[in-house]
Amino acid sequence: MSELFLIGDTHWDHANILKFKRDDGTPLRPFNSIHDMNMIMVENWNSVVNPKDKIYHMGDVAFTKTGLNFLKLCNGHKRLVRGNHDLFKITEYLEFFEEVYGVRQIDGYWMTHVPMHIDSINRAKANIHGHLHYNIIDHPKYFNVSVERINYTPISFDLIKKQYDFLSS
């Protein structure tokens, strides 16, 4: 049986991201090199995602066209919810993703790159998003799947749904 996984903001081949800092001054991404970052994310991806699983990427995949090639090393049937840094032509993403969306809704959960406006969130069970990297929105209906929030490893959609089922019971 296949599972559904989520991830966002891999930023493959984005060398400058290793220079970014959190508010406390620590590195945003604790990797020694861009090569280490890229390969650890591929290894983590394949440690949980099987070839038959589906995975939704919440955008900001790669900063170079060659960075997109890391997706060839990653298991699963990939879908993309485009992010603000996904600037290549759609045909270039369709080499790696079976489907490409601006927004996707599954079982009442809205998947976006940038978090939905608070006035729209009441229509959803939750907004699963990326874009904020390690930051979170202090509201129970927002769930950030940026790699910095999920230990650089895709997270199971069922795990997220169980959390929201528990909150609503």
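To the nearest 0.5 Å, atom OG of residue Ser156 and atom CD1 of residue Ile150 are 11.0 Å apart. Between the CD1 atom in Ile40 and the CZ atom in Arg29 there is a gap of 11.5 Å [rounded to 0.5 Å].
The cluster map of Ile, Leu, Val, Met, Phe, Trp and Tyr, joined by side-chain heavy atoms under 4.5 Å apart, puts Ile128 and Leu159 in the same cluster. At a threshold of 4.5 Å between side-chain heavy atoms, the hydrophobic network of Ile, Leu, Val, Met, Phe, Trp and Tyr places Ile160 and Trp110 in two separate groups. When hydrophobic clusters are built by joining Ile, Leu, Val, Met, Phe, Trp and Tyr residues whose side-chain heavy atoms come closer than 4.5 Å, directly or via intermediates, Met39 is grouped together with Leu18.
Ring to ring, Tyr109 and Phe143 are not that close: their centroids are 6.0 angstrom or more apart. Here His57 and Tyr93 keep their ring centres 6.0 angstrom or further from each other.
A donor and an acceptor atom, one from each side chain of Asn38 and Asp13, are located under 3.5 Å apart. Donor-acceptor pairing under 3.5 Å is lacking for the side chains of Asn151 and Thr153.
Within 6.0 Å of atom NE2 in His35, 12 or fewer heavy atoms from other residues, nucleotides or ligands are found, so the atom counts as exposed in its surroundings. Within a 6.0 Å radius of CG in Asp24, other residues, nucleotides and ligands contribute more than 12 heavy atoms.
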task: For the pair His113 and Arg82, evaluate side-chain contact (heavy atoms from CB on, under 4.5 Å) and give the outcome as yes or no after the intermediate values.
output: CA-CA 7 Å; His113 175 66; Arg82 283 179 87 161; over 6 Å; no
- request: Evaluate the criterion ring-ring contact (aromatic ring centres under 6.0 Å, His included) for residue pair Phe88 and Phe96; output intermediate values, then yes/no.
  value: CA-CA 12 Å; Phe88 307 126; Phe96 307 97; 9.8 Å; no
- prompt: Which is it for Trp12 and Val61 under the side-chain contact (heavy atoms from CB on, under 4.5 Å) test, yes or no, and what are the steps along the way?
  reply: CA-CA 6 Å; Trp12 272 303; Val61 178; 4.1 Å; yes
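A 4.5 Å side-chain heavy-atom check between Tyr142 and Leu132 finds every atom pair outside the cut-off.
Using modelled atom types, no side-chain atom of Ser146 and backbone atom of Arg149 make a donor-acceptor pair closer than 3.5 Å.
Scanning both residues, Ile34 and His14, for their nearest heavy atoms gives CD1-O, 3.3 Å.
Taking the six-membered ring for Trp and thresholds of 30 and 60 degrees, His11 and Phe63 have nearly parallel ring planes, at less than 30 degrees apart.
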